[in-house]
Undergrad: 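If you scroll down you'll find the structure; I have some questions about it.
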Amino acid sequence: MDDASSGLSPLTLHGASMPHLRCQETELVDSDSLPLYLGLANRFLLALLFSASYHLISRWSKKVRTSRTLHIVNLKEIFTVISQLASFIYSTGFEFVQNFICRKLDIQFVIHKRSKYKSKSTLDAGRVVPASKAHFGGKPLEDACDENLAHAIGNGDISPYGLEAHIGDCTTAARVRKRYVELKTGRSLEDLPLMGMDYKSLQGQCCEMVIGYVQIPVGIAGPLLLDGNDYLLPMATTEGCLVASTNRGCKAILQSGGATSVLLRDGMTRAPVVRFPNVKRAADLKWYMENPSNFDDIADVFNSTSRFARLQNLHCALAGRNVYMRFRCSTGDAMGMNMVSKGVQNVLNYLQDMFQDMEIVSMSGNFCADKKPTAVNWTEGRGKSVVCEAVISGDVISKTLKTSVSGLVELNTIKNLAGSALAGALGGFNAHASNVVSAIFIATGQDPAQNVESSQCMTLMESINNGKDLHISVTMPSIEVGTVGGGTQLASQAACLNILGIGGANVDSPGKNAQTLARIIAGAVLAGELSLMSALATGQLVESHMKYNRSINRFQE
């Protein structure tokens, strides 16, 4: 992008060409921020102010010594007074003059001498590489603001972090960083998309140091008939066959009358760790926290931090003189990690008044447990605990899934139960729950890392009605999702939530939208388990992946 195409005017920096900078907060010396003639005018009038003042003081001191009348002035003194006043007015109104001139030049460059975003050094002509023609990706790269800023980042004159605050435009900041990475690595990022993303919506909550975005295709599976409602499932994935397989499972569930889900628990957890001088004092805190008569007081302190956070229960565990306190609370339609952390911090401040020898080691002591497969999440749950079931008729299994009830039951026992136990699985008694969870998580703006515990799942299959039909269920104790906050407010992710009809917060029943999302995920996992297990039972797995992944040609080559 060149200056002509962008409509930007170059400005002179100590005689070097410096393109237009869209900056809001950058620390530069005054003379470096102005066109050359304006910088010279600033220096000249400042010198004139001091010269005129010195001259008048000298003249009037002489008049005092000679007892001459001060108010009688000659032409030279009148000129000196006028020069002093003019230079003084200019100096006091310097910011106005600067901004007026800059607007005339279409230069939106504001100086903040006391900005909190201070770099280690100022931009000067010796460090900033002037924009010069170069070739990148087979095309000439014209002189541009992006090029100069990218070089300035490489030179260490400005930091790539927080560039948005300096430039004042999030898209430009991402473009400059992208160019900096190209210069730093010597490799093209031409195929990394930049335009088409609302970078302002990412600020402060989704991503830092942005240089673009990665395209992930979104497919639709379904409809999934769950709890009497039809849902089309948005799935963001690059794995061929996943959407098609889930879609086949949804079809089998629909043909059999639908699936049913039950929400067992809904509560996000956080477990700080504190330390005491000895075990006895640690035990004193445990007994205080778990005493039912103290719960209301603790809950009042916790609940005061949010309209939606409501403490449900807490449990303490000791490891020597360290106390791990696991708080569980409702969080409305938010996933709730920040909400519960805020409440926990308030309780810790409250406890320190009573237990002054308590030392807070960490807000999270891994007893929560977040983004790790743990027994405590598997047994106690975290987020939404959901069980989903369906009865699949024998005719559907034979015609749609091309297998048998007995074959599925036997395979599930040998693979999902015995095989997983042999591997020492922790909540991994399923075929591929994480596949479906990850795809829906990414599409709807959830935290992909929480797929770890959210995919803990046990798949059970039983033959019923004298072996004619199949009862299938998935038990998922820790689905961690929300429909507000985080990535859910980004345009694409919000659109996917809108497909499900659960975007944003539920005004009438806070928390219902997030609970519905958890139910839908469990239903989608049920469909995915049913279809994959059928493919494994009939030996169709490799064939289907060769078809949908387009891998046959690569193998032939």
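Given the structure is predicted, the values throughout are model-derived calculations rather than measurements. In what follows, every heavy atom counts, from backbone to side chain, and hydrogens, waters and symmetry copies are set aside.
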Undergrad: Kindly give the heavy-atom pair with the smallest separation between Gly503 and Asn513, and that separation in Å.
TA: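 Smallest heavy-atom distance, with atoms named: O-ND2, 3.7 Å.
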Undergrad: Any luck finding a side-chain donor-acceptor pair between Gln456 and Asn377 under 3.5 Å?
TA: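 Side-chain D/A pair, Gln456 to Asn377: absent.
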Undergrad: In Å, rounded to the nearest 0.5 Å, how long is the span from CG of Leu460 to CD of Glu529?
TA: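 Answer for the CG-CD pair, Leu460 versus Glu529, is 10.5 Å.
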Undergrad: Pairing donors with acceptors under 3.5 angstrom, does anything connect the side chains of Asn451 and Ser434?
TA: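 Absent: no donor and acceptor within the cut-off.
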Undergrad: In plain terms, say whether Arg281 and Asp357 are close enough for a salt bridge, that is, a side-chain N and a carboxylate O under 4.0 Å apart.
TA: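 Result for this pair is yes, salt bridge flagged.
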Undergrad: Answer with yes or no whether the side chains of Thr459 and Asn412 bring together a donor and an acceptor at under 3.5 Å.
TA: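 Distance-only check fails for Asn412 and Thr459.
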Undergrad: Using a 3.5 Å distance criterion without hydrogens, assess whether the side chain of Tyr324 forms a donor-acceptor pair with backbone atoms of Asn366.
TA: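 Checking the backbone N and O of Asn366 against the side chain of Tyr324, no donor-acceptor pair under 3.5 Å is found.
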Undergrad: What's the separation between atom OG1 in Thr246 and atom NZ in Lys251, rounded to the nearest 0.5 Å?
TA: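 Between Thr246 OG1 and Lys251 NZ, I get 14.5 Å after rounding to 0.5 Å.
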Undergrad: Going by distance alone, is a donor N or O of one side chain under 3.5 Å from an acceptor N or O of the other, for Arg270 and Ser341?
TA: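 A donor-acceptor contact under 3.5 Å links the two side chains.
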Undergrad: If every non-hydrogen atom of Val409 is compared with every non-hydrogen atom of Ser463, which pair is closest and at what distance?
TA: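 Answer, listing the atom of Val409 first, then Ser463: CG2-N, 3.7 Å.
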Undergrad: One pair to check against side chain to side chain contact (heavy atoms under 4.5 Å, CB included): Thr475 and Cys457. What are the steps and the verdict?
TA: CA-CA 5 Å; Thr475 303; Cys457 169; over 6 Å; no
Undergrad: Could you give me the CA-CA distance, side-chain angles and deciding distance for Ile464 and Val391, then say whether side chain to side chain contact (heavy atoms under 4.5 Å, CB included) is met?
TA: CA-CA 9 Å; Ile464 58 174; Val391 174; 3.7 Å; yes
Undergrad: Any salt bridge linking Glu182 with Arg187? Criterion: basic side-chain nitrogen under 4.0 Å from a carboxylate oxygen.
TA: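 The answer is no: the pair does not qualify as a salt bridge.
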Undergrad: Which heavy atom of Gly394 sits nearest a heavy atom of Val405, and at what distance?
TA: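 In this case the closest contact between Gly394 and Val405 is CA-CG2, 4.3 Å.
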Undergrad: Quiz question: by atom type and distance under 3.5 Å, do the side chains of Ser531 and Arg248 form a donor-acceptor pair?
TA: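 Per modelled atom types, Ser531 and Arg248 side chains form a pair under 3.5 Å.
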Undergrad: Under the 3.5 angstrom rule, does the side chain of Arg310 hit a backbone N or O of Thr331 as a donor-acceptor pair?
TA: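 Such a contact is absent between Arg310 side chain and Thr331 backbone.
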Undergrad: For the pair Glu410 and Lys415, find out whether any cationic side-chain nitrogen is under 4.0 Å from an anionic carboxylate oxygen.
TA: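 Answer for the salt bridge query: no.
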Undergrad: Taking the six-membered ring for Trp, are Phe276 and Phe355 parallel (under 30°), tilted (30 to 60°) or perpendicular (over 60°)?
TA: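 Because their plane-to-plane angle is over 60°, the rings of Phe276 and Phe355 count as perpendicular.
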Undergrad: Would you give the length of the straight line joining atom OG1 of Thr269 to atom CZ of Phe327, rounded to the nearest 0.5 angstrom?
TA: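 If we round to the nearest 0.5 Å, Thr269:OG1 and Phe327:CZ are 11.5 Å apart.
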Undergrad: For a quick check under 3.5 Å, do Asp395 and Ser393 share a side-chain donor-acceptor pair by atom type?
TA: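 On atom types as modelled, these side chains do not qualify, holding no pair under 3.5 Å.
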Undergrad: Would a distance-only check, ignoring hydrogens and angles, find a side-chain to backbone donor-acceptor pair under 3.5 Å from Arg177 to Pro160?
TA: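 Side chain of Arg177 to backbone of Pro160, a donor-acceptor pair under 3.5 Å: yes, one is there.
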Undergrad: Would you check, one step at a time, whether the test side chain to side chain contact (heavy atoms under 4.5 Å, CB included) holds for Glu453 with Glu480?
TA: CA-CA 8 Å; Glu453 62 267 41; Glu480 300 168 0; 2.6 Å; yes
Undergrad: Short question: side chain of Lys372, backbone of Val452 - any donor-acceptor pair under 3.5 Å?
TA: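 Such a contact is absent between Lys372 side chain and Val452 backbone.
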Undergrad: Does any donor atom in the side chain of Asn346 or Thr305 lie under 3.5 Å from an acceptor atom in the other side chain?
TA: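 Thr305 and Asn346 do not have a side-chain donor-acceptor pair below 3.5 Å.
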Undergrad: Determine, stepwise, if the pair Arg382 / Ser478 fulfils side chain to side chain donor-acceptor pair (under 3.5 Å).
TA: CA-CA 4 Å; Arg382 188 172 195 253; Ser478 51; over 6 Å; no
Undergrad: Can we say Lys200 and Asp169 salt-bridge, meaning some charged N sits less than 4.0 Å from an Asp/Glu carboxylate O?
TA: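 Looking at Lys200 and Asp169, the cut-off is not met.
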Undergrad: Minimum heavy-atom separation for Asp370 to Cys368, with atom names?
TA: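 What the structure gives for the nearest pair is N-CB, 3.9 Å.
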Undergrad: Rounded to the nearest 0.5 Å, what separation is found between the OH atom of Tyr288 and the CG atom of Asp297?
TA: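 Output value for this atom pair is 6.0 Å.
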Undergrad: Search all heavy atoms of Ala150 against all heavy atoms of Arg179 and return the closest pair with its distance.
TA: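 Between these two residues, the closest heavy atoms are CB-CG, 3.7 Å.
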Undergrad: In Å, rounded to the nearest 0.5 Å, how long is the span from CE of Met458 to CE of Met476?
TA: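 Answer rounded to 0.5 Å: 12.5 Å.
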Undergrad: Taking all non-hydrogen atoms of both residues into account, name the closest pair between Gly222 and Asn247 and its distance.
TA: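 Closest heavy-atom pair between Gly222 and Asn247: N-OD1, 2.9 Å.
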Undergrad: Can you list the steps and then say if Asp469 with Ile392 is a side chain to side chain contact (heavy atoms under 4.5 Å, CB included)?
TA: CA-CA 6 Å; Asp469 302 322; Ile392 311 299; over 6 Å; no
